[in-house]
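Shown next, in structure tokens, is the structure this report addresses.
The structure displayed is predicted, hence computed values, not measured ones. Whatever order the structure lists them in is the order used to number ligands and atoms, beginning at 1. Values reported hereafter were calculated over all heavy atoms of this structure, with side chains retained and with hydrogens, waters and symmetry mates removed.
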Amino acid sequence: MNKKKICIIGLGYIGLPTAAMFATHGHKIIGVDINKKIVDALNMGEITIEEPYLDKMVKAAVLSGNLRASYKTEEADVFIIAVGTPVNEDKTANMDAVIQAAESIVPVLREGNIVILESTSPPGTVNNLLCPILAKSGLDIGEQVLVAHCPERVLPGRILLELVENNKLIGGINQKSSEAVKELYSTFVKGEIYLTDATTAEMCKLMENTFRDVNIALANELALLCEDLGINAWDVIQLSNKHPRVNLHQPGPGVGGHCIAVDPWFIVEKSPELSRIIRLSRQINDEMPRYVYKKSRKIMGPGHKKITILGVTYKPNVDDIRESPILKLIEYFEDDGDIELAAYDPHVAELPYKASNLYEAASGSHLVILAVHHDQFKRVDFRKLASVMAAPNVLDTRNFWDENTVTASGLSYYLLGNGKTGIAITKE
Ligand code: SAJ
């Protein structure tokens, strides 16, 4: 296809990789962001987030002259909105950034332009929010300007790979829009491209993440049930998943990130009375940090004061702490007042409880909680860990460590979801 000038508004976890991808495939990209740090860094070929290979790709794109950053939306052939859509206190979608981005396009919108919304949004956003704003340009939306929702579906940690290989959904406001946007993404997408309408695409994106949230809630409920019934949930999961049509997910200390912990609420917002499983699943997952807190307190003996938390990000091998359930867990301990906290995360430089390595963080601790299973934590020297701790307790919330290796080093091993250890708190 013809090389396009594309203005990508929002240079976060989705906008920046998308910008780099289009730029390295020959298009001219202007990345727009209100954050000075991001704009300045990008213009020097640098990035402010951690994502495998993104730094190299961005550098190459900037050096080629195909990618630059700006604070201002400029005239272009295509506009892609990839700004954040956080959830408000009342669990409704905060669409401020989308509105601002759309408004910034209006003065530079021309006949023949394409406008794409990538940001995850409540069903109806394209038709009822985006198009009316774009119509302020005086142009015929759908005829002179083509519009579509193309939900991003890439997994942090695998973004560049998944941008290319995943199937892509394109929900145009009409067939013309869908076809034009399909041609654009065909530049680099190797997966199948499926066309639908805008509202269906919005709902698909939300249901994909809701599917995962509901399944994780089921796994978390299983963990609590097993602790209550004296069974090991991880055995149940492993053996049940031998069934060809069963795929139980993994329990853990909660669900975080800007996607799965947020998106189900966008459905609840639209139909609160009908969204029963969806809301309950959110609640179950949100209660997990408190459960881990209570279990930890139960493991700790009298006079035990210091706890070390390993990993604070919302999931392993990323630097993202948005909506991380581990921050909630930390808050519970902080509220206690009598706990001395340490936390260590090799991916997060700025932590309130600073320690330069795991053993320094664990020194003098009565309990170490493995909260996030970063690859680095596979290589723990458990003998060394036992030697620096004041009491030898570890709580593995992810079934990440091998029980025999841990106990052989003189540590007591507790596993979230394992009711065989007799530390159940569900009966309280
Ligand atoms: N988690 C569990 N148990 C599991 C799986 C995950 O507790 O069995 C927790 C993780 O620890 C983490 C959270 O869930 O706290 C979410 O992690 P994730 O890896 O499941 O997903 P995200 O949020 O990084 O990315 C998701 C992906 N969606 C789906 O897999 C359906 C991704 O494809 C989306 O593009 C992304 O949301 C998004 O941007 O919406």
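Of all the atoms in ligand 1, the ones that sit under 4.0 Å from a non-hydrogen atom of Arg153 are 32 (C), 33 (O), 34 (C), 35 (O). Close contacts between ligand 1 and Ile260 involve ligand atoms 16 (C), 20 (O), 21 (O), 23 (O), 26 (C) [criterion: under 4.0 Å to a heavy atom]. The atoms of ligand 1 that sit less than 4.0 Å from any heavy atom of Pro156 are 24 (O), 25 (O). Near Cys259, with a cut-off below 4.0 Å to any heavy atom, the atoms of ligand 1 are 23 (O), 36 (C), 37 (O), 38 (C), 39 (O), 40 (O). Close approach to Glu208 involves these atoms of ligand 1, each under 4.0 Å from a residue heavy atom: 31 (C).
Checked against the 6.0 Å centroid threshold, Phe333 and Tyr293 count as a close aromatic pair. Not less than 6.0 angstrom separates the ring centroid of Trp401 from the ring centroid of Phe377. Annotation: Tyr344 is not in aromatic contact with Tyr359 [ring centroid separation under 6.0 Å not met].
At the shortest separation from atom 39 (O) of ligand 1 among protein heavy atoms lies Glu152 OE2, 2.5 Å. From the protein, the heavy atom lying nearest to atom 6 (C) of ligand 1 is Ile216 CD1, 3.4 Å. For atom 29 (C) of ligand 1, the nearest non-hydrogen atom of the protein is Asn209 OD1, 3.4 Å. Annotation: atom 10 (C) of ligand 1 to nearest protein heavy atom, Tyr314 O, 3.9 Å.
Residue contacts with ligand 1, taken as heavy atom pairs separated by less than 4.0 Å, involve Gln250 via backbone and side-chain atoms alike. For Val154, every heavy-atom contact with ligand 1 shorter than 4.0 Å involves the backbone, none the side chain. At a 4.0 Å heavy-atom cut-off, ligand 1 does not touch His258 at all.
Ligand 1 lies within reach of Leu155, whose nearest heavy atom is under 4.0 Å from it. Look at Gly257 and you'll find every heavy atom at least 4.0 Å from all atoms of ligand 1. Heavy-atom separations between Ala219 and ligand 1 are all 4.0 Å or longer. Look at Arg398 and you'll find a heavy atom under 4.0 Å from some atom of ligand 1.
Looking at Glu227 and Lys295, a side-chain N of the basic residue comes within less than 4.0 Å of a carboxylate O on the acidic one, giving a salt bridge. Using a 4.0 Å cut-off between charged nitrogen and carboxylate oxygen, Lys205 and Glu152 count as a salt-bridge pair.
Within 6.0 Å of CD1 on Ile277 lie no more than 12 heavy atoms contributed by other residues, nucleotides or ligands. Other residues, nucleotides and ligands place no more than 12 heavy atoms under 6.0 Å from the NZ atom of Lys36.
Ligand 1 has no N or O atom lying under 3.5 Å from any N or O atom of Pro316, backbone or side chain.
The backbone N or O of Phe211 lies less than 3.5 Å from a partner atom in the side chain of Asn215, making a donor-acceptor pair. A donor-acceptor distance shorter than 3.5 angstrom exists from the side chain of Asp33 to the backbone of Leu11, with no hydrogens or angles considered.
Judged purely by distance below 3.5 Å, without hydrogens or angles, the side chains of Asp77 and Asn113 never pair a donor atom with an acceptor atom.
Of the candidates His249, Arg212, Lys205, the one placing a heavy atom closest to atom 20 (O) of ligand 1 is Arg212. In this structure, of Glu118, Lys315, Met288, Glu162, the residue bringing a heavy atom nearest to atom 19 (O) of ligand 1 is Lys315.
Using bins of under 30°, 30° to 60° and over 60° for the plane-to-plane angle, the ring pair Phe188/His25 lands in the tilted bin.
Nearest heavy-atom pair, Cys259 versus Asn209, reported as atom, atom and distance to 0.1 Å: CB-ND2, 3.5 Å.
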